Amino acid sequence: MERTRAGAAGMEGGRSWSIDSYLNEYFDIPAKNPPGEARLRWRRAVGLIVRNHRRRFGRFSDLNPIDDAQRRKILGKVQVVINVHKAALQFIDGVKQYHLLPELIEQGFCISPDELAAITGMRGDYTMFKMHGGIKGISRKIKASLEDGAKETDIETRQKLYGTNRHVEKPPRSFWMFVWDALHDLTLIILVVCALVSLVVGLATEGWPKGIFDGLGIILSILLVVLVTATSDYQQSRKFMELDREKQKIYIRVTRDQKTKEVLVDDLVVGDILHLSIGDVVPADGLFTSGYCLVLDESSLSGESEPIHVSEEKPFLHAGSKVVDGTAKMLVIAVGTRTEWGKIMGSLNEDGVDETPLQVKLNGVATIIGQIGLVFAVLTFVVLLVRFLVDKGMHVGLLNWSANDALTIVNYFAIAVTIIVVAVPEGLPLAVTLSLAFAMKKLMHDKALVRHLAACETMGSASCICTDKTGTLTTNHMIVDKVWIGDVVKSVNSDKNISELKRVISEGVMAILLQGIFVNTGSEVVKGDDGKRTILGSATETALLEFGLSLGEHLYDDYKMLTRVKVDPFNSVKKKMSVTIQLPNGGLRTFCKGASEIILEQCNTILNTDGNVVPLSEMQKHNVLNIINSFASEALRTLCIAFKDMNEFLNDQPISGDGYTLIALFGIKDPVRPGVKDAVMTCMAADITVRMVTGDNINTAKAIAKECGILTEDGIAIEGQQLHDKSSDELKELLPKIQVIARSLPMDKYKLVTSLKSMYQEVVAVTGDGTNDAPALRESDIGLAMGIAGTEVAKESADVIIMDDNFETIVNVARWGRAVYLNIQKFVQFQLTVNIVALIVNFVSACIIGSAPLTAVQLLWVNMIMDTLGALALATEPPNDEMMKRPPVRRGDSFITRIMWRNILGQGFQ
């Protein structure tokens with residue numbers, strides 16, 4: 001109080017009043033503390049309170065001593081403001097400050113890329129998220145629409161300011177780094193030392209230039225070997241880098257500038273609206289905008305196997321997560337190295353290729369041969385040295401030594417070291433790498449992307465191929481060929497037939513049918529740059545949507561505007577998709593479509609041709625099953641669609657699975673690919689069993705399998721449930737005869753693979769396209785993912801990606817696998833023969849005549865031709881038809897066969 005009076009008196013005494021002096025005098029706040037913006041805020045707050053007092057009571061200094069109560073009231077207000085700001089300052093000191101760059105401000109962006117990355121983070125910063133106004137506020141600050149995405153004209157600007165969706169790549173190794181690696185070979189280093197000693201001794205004894213010939217010849221030979229080895233390794237490195245770039249060419253669906261299109265994942269930018277569905281790998285960090293039942297697997301990021309449910313309440317999505325279930329759209333807010341996944345990938349991005357099992361096996365062979373070569377080299381050196389010493393002792397005496405004697409011993413040592421160089425078959429790994437790289441390059445041209453080198457050689461040993469039907473054996477260009485609706489079966493493969501169907505079916509039935517097709521779909525009708533409508537989605541969904549558009553295209557936009565209350569997306573386990581919508585006149589309606597037998601079991605009523613709902617009797621159900629089987633026997637894929645009206649629906653409850661009204665049955669045609677039957681026959685001639693595993697009706701599966709030549713007279717077709725129910729003994733007896741598995745679940749495919757491997761030691765290749773196929777792909781010896789229909793999860797689990805989804809390409813991979821194996825066997829036979837000859841000739845000559853017939857320079861030339869040029873000649877031979885007329889190499893068979901040993905030893909001793 002005394003201080004307050006003193007301050008007031010000081011002001012009344014004529015001292016000029018200022019807010020800084022006020023803060024200093026009344027609250028012990030020095031003029032320069034806190035500095036900058038915080039102090040500016042305090043001065044404004046105090047000034048506002050004082051000015052408010054002036055308007056009410058006059059100048060502060062005019063208050064007389066009896067106004068202490070009023071003065072305390074003012075000072076109390078000021079104290080509250082300062083305390084609040086002090087607390088804020090402490091909070092701000094603990095939070096990282098983000099600053100907008102001038103370039104961002106100039107382009108109209110209101111948030112920095114680092115701050116966007118911090119919002120998502122690994123745990124998501126809800127405080128910062130809300131501080132920026134949630135997803136709507138953030139979308140405004142990055143100039144993006146939640147419906148239309150980013151503008152096409154802003155893409156380059158966004159990439160420049162917010163970064164590109166690419167991970168940091170380590171610079172490729174230069175040619176001279178490979179030269180340096182080649183020079184580190186121990187035997188070559190020893191030879192260099194021998195060459196230098198030879199130069200010194202030669203110059204001392206024979207003078208210039210005759211004295212440098214031997215040493216210089218060895219050095220030039222070493223340099224040539226090093227350059228050839230480095231060139232080969234460098235070229236293979238470049239090829240593998242090209243293949244790695246091909247692996248990263250992933251297309252994703254985005255909404256950009258009011259258009260939905262597919263773009264490369266590298267071209268994704270901040271502000272894009274990304275579409276996600278089951279099996280996708282999230283390529284960037286973002287925020288959930290809309291979707292249904294979205295479940296993510298973030299185990300690759302966090303290590304936690306528990307699935308993450310994402311919604312508007314938990315909107316954070318992280319790059320590297322896998323979509324386990326549901327569909328969604330997300331606003332991209334961080335890309336590339338600013339995502340947590342990008343940082344991890346940057347730290348793991350290393351050069352080099354893992355060795356294949358065959359390379360490891362051949363490295364072991366090379367080590368053993370090198371040890372044998374070492375023994376022969378030591379024996380050769382000892383024999384030569386002993387003969388030299390004996391001869392010297394008999395003629396000159398052991399006490400008389402000259403420079404020529406030293407040179408002779410050095411040459412003996414060089415010959416011994418060179419024998420080791422020749423004996424060590426370092427060309428074996430080179431031959432494998434050359435052969436694999438050559439095969440991978442050729443397979444790229446043939447629409448097969450090899451992700452793991454080992455797959456090339458393993459595929460050559462495949463004894464069984466378990467293949468999907470849709471898109472692999474068939475074209476995956478589906479059309480609705482027949483439809484059953486209200487006891488009427490119509491072929492709908494022409495405009496005339498479509499018109500007839502419209503005349504037969506009442507408007508009410510047609511309206512419900514079209515409503516079900518248009519709202520219960522995972523596909524989307526979009527306009528391209530040319531203004532034409534195109535359909536994005538799976539082949540089955542596209543076929544149904546095209547059929548719906550042919551019946552009533554004008555109703556599509558109206559039905560798509562209906563509110564979706566809940567969506568249960570399709571997956572390979574449920575084999576159905578359901579959606580609940582809000583009807584315009586009130587009430588709710590659920591549509592369900594999927595595998596015909598499953599949907600039929602959920603129905604207890606049926607929609608007749610007049611649009612009336614009537615009970616579905618057992619006789620009618622039996623008739624519908626007969627129609628399903630008749631469609632299936634014509635190799636048509638069958639789907640049913642049904643609906644159910646409701647008054648209310650709770651969001652937390654699952655969509656009902658019974659009480660539906662059957663609307664229609666579709667027969668979808670998917671023609672067999674040209675050339676598939678010939679490819680299957682090729683596999684049979686090569687003793688490779690082809691088994692078809694499909695989710696289709698068993699009659700459809702049988703019809704397609706017979707058309708492809710897979711199902712033979714002595715083969716059997718069963719359903720996945722039957723396979724699952726079999727005991728181990730029953731399965732072991734039945735397995736060799738099984739050629740078709742219908743209505744299979746992903747775990748049925750997994751059981752088939754494990755049983756074939758464990759019971760019959762088969763080398764199994766498996767195709768897969770869905771997320772749930774990942775376990776079978778990983779368990780198989782060779783996982784083959786579909787490049788067009790396959791999900792990113794399936795591709796990550798596979799060894800080879802079949803870019804055109806064609807069975808012929810799979811057979812071509814097997815053909816190249818056999819070529820790799822046979823080519824390497826040829827090279828091994830050639831190199832071991834030369835090794836044995838070089839060892840025996842030098843050793844026997846040393847023992848008999850006391851000198852080696854092949855000098856160090858000559859041996860190095862032989863080594864270079866044998867290792868490098870021999871590998872180029874023998875390891876790159878393309879496959880031929882004869883390779884596919886012999887049985888595959890069984891699991892556990894020796895790589896070097898008895899015939900090879902006979903040829904090696906026979907030719908070596910001749």
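Residues: numbered from 1 along the sequence shown. None of the values given here were measured: they were computed from a predicted structure.
Formation of a donor-acceptor pair under 3.5 Å by the T472 side chain with backbone atoms of K469 is not found in this model. A donor-acceptor distance shorter than 3.5 angstrom exists from the side chain of Q582 to the backbone of G587, with no hydrogens or angles considered. Panel note: side chain K482, backbone I668; no donor-acceptor pair is recorded below 3.5 Å. Side-chain N or O atoms of N608 include one that pairs as donor or acceptor with a backbone N or O of D610 at under 3.5 Å. Not a single donor-acceptor pair under 3.5 Å links the side chain of Q739 to the backbone N or O of A717. A donor-acceptor pair under 3.5 Å is absent between the side-chain atoms of T767 and the main chain of L784, judged by distance alone. No side-chain donor-acceptor contact under 3.5 Å links D148 to the backbone of S145. Proximity of a side-chain donor or acceptor of Q620 to a complementary backbone N or O of S617 within less than 3.5 Å is detected. Proximity of a side-chain donor or acceptor of N520 to a complementary backbone N or O of I517 within less than 3.5 Å is not detected. Using a distance-only test at 3.5 Å, with no hydrogens or angles considered, a donor-acceptor pair links the side chain of D280 to the main chain of S277.
Here the rule is side-chain contact (heavy atoms from CB on, under 4.5 Å) with R743, and of I718, T700, N697 only N697 fits it. Of the listed residues (T661, L607, L600), just one forms a side-chain contact (heavy atoms from CB on, under 4.5 Å) with L616, and that residue is L600.
For the pair L268/V332, a side-chain contact is recorded, criterion being any heavy-atom separation below 4.5 Å from C-beta on. M681 places none of its side-chain heavy atoms less than 4.5 Å from the side chain of V811. Considering only heavy atoms from C-beta on, F591 stays 4.5 Å or farther from T580 through its side chain. Residues C708 and K677 are not in side-chain contact: their nearest non-hydrogen atoms beyond the backbone lie 4.5 Å or more apart. Proximity of T590 to I581: side-chain heavy atoms (C-beta onward) are nowhere separated by under 4.5 Å. For the pair L276/L317, a side-chain contact is recorded, criterion being any heavy-atom separation below 4.5 Å from C-beta on. Within the 4.5 Å cutoff, side-chain heavy atoms of R256 are placed close to those of I155. The side-chain heavy atoms of L274 and P283, taken from C-beta on, include a pair separated by under 4.5 Å.
With rounding to the nearest 0.5 angstrom, the CG atom of N604 is 10.5 Å from the CG atom of L662. Rounded to the nearest 0.5 angstrom, N699 CG and D696 CG are separated by 11.0 Å. Rounding to the nearest 0.5 Å gives a distance of 11.0 Å between CG of L473 and CD of E808.
Residues S744 and V693 approach most closely at OG-CG1, 3.4 Å, considering heavy atoms. T638 and S596 get closest at one heavy-atom pair: OG1-OG, 2.9 Å. The two residues L545 and V525 make their nearest non-hydrogen contact at CD2-CG2, 3.7 Å. Across all non-hydrogen atoms, the minimal contact from A543 to V480 is O-CG2, 3.6 Å. Here the closest heavy-atom approach between residue C603 and residue A642 is recorded as SG-CB, 3.7 Å. The shortest non-hydrogen separation linking A794 to G768 is CB-O, 4.4 Å.
Aromatic ring pairs are classed by plane angle as parallel below 30°, tilted from 30° to 60° and perpendicular above 60°; the pair F666 and F547 is perpendicular. Using a 30° and 60° split on the angle between ring planes, Y556 and F518 fall in the perpendicular class, above 60°.
Residue N626 places its CG atom among more than 12 non-hydrogen atoms of other residues, nucleotides or ligands, all under 6.0 Å distant. Residue-environment remark: NZ (K151) stays at or below the threshold of 12 foreign heavy atoms within 6.0 Å. The number of heavy atoms from other shown groups lying within 6.0 Å of NZ (K706) does not exceed 12. Residue-environment remark: NZ (K447) stays at or below the threshold of 12 foreign heavy atoms within 6.0 Å.
Side-chain N/O atoms of T809 and N806 include no donor and acceptor closer than 3.5 Å. Remark: the D446 side chain and the N812 side chain contain an N/O donor-acceptor pair separated by less than 3.5 Å.
Taking the charged nitrogens against the carboxylate oxygens, E707 and K702 have no contact shorter than 4.0 Å, which rules out a salt bridge. Electrostatic pairing of K749 and D468 counts as a salt bridge here, judged by a charged N lying under 4.0 Å from a carboxylate O. Using a cutoff of 4.0 Å between basic side-chain nitrogens and carboxylate oxygens, E500 and K490 are scored as salt-bridged. Ion pair E634/K669 not flagged as a salt bridge, since none of the NZ, NE, NH1 or NH2 atoms sits closer than 4.0 Å to an Asp/Glu carboxylate oxygen. Between K261 and E152 there is a salt bridge, since at least one side-chain N of the basic residue sits less than 4.0 Å from a carboxylate O of the acidic one.
Partners of D670 under the side-chain hydrogen bond (donor to acceptor under 3.5 Å, both in side chains) rule, at least two apart in sequence or in another chain, are T474, T475. Remark: D257 engages no residue in a side-chain hydrogen bond (donor to acceptor under 3.5 Å, both in side chains) (not counting sequence neighbours).
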For this session: List the steps and the verdict of side-chain contact (heavy atoms from CB on, under 4.5 Å) for K593 and C640.
Result: CA-CA 6 Å; K593 73 173 181 193; C640 280; over 6 Å; no

Exercise. Does the salt bridge (Lys or Arg N to Asp or Glu O under 4.0 Å) test come out yes or no for K329 and E147, once each step is laid out?
Worked result: CA-CA 10 Å; K329 292 180 181 180; E147 291 77 30; over 6 Å; no

For this session: Begin from the C-alpha positions of L449 and V800 and carry the test side-chain contact (heavy atoms from CB on, under 4.5 Å) through to its verdict.
Result: CA-CA 6 Å; L449 173 60; V800 181; over 6 Å; no

Problem set entry | Full working for salt bridge (Lys or Arg N to Asp or Glu O under 4.0 Å) between D568 and K576 | CA-CA 9 Å; D568 191 2; K576 64 179 182 178; over 6 Å; no

For this session: Decide yes or no on side chain to side chain donor-acceptor pair (under 3.5 Å) for R691 and T467, but give the supporting numbers first.
Result: CA-CA 6 Å; R691 293 179 171 88; T467 176; over 6 Å; no

Problem set entry | Derivation of the side-chain contact (heavy atoms from CB on, under 4.5 Å) call for V323 and V295 | CA-CA 6 Å; V323 180; V295 180; over 6 Å; no

For this session: Determine, stepwise, if the pair I741 / T694 fulfils side-chain contact (heavy atoms from CB on, under 4.5 Å).
Result: CA-CA 6 Å; I741 301 176; T694 177; over 6 Å; no

Show which side-chain atoms of residues 504-511 pair as donor or acceptor with protein atoms under 3.5 Å away, not counting sequence neighbours.
{"from": "S506", "atom 1": "OG", "to": "V509", "atom 2": "N", "distance (Å)": "3.4"}
{"from": "S506", "atom 1": "OG", "to": "T609", "atom 2": "O", "distance (Å)": "3.0"}

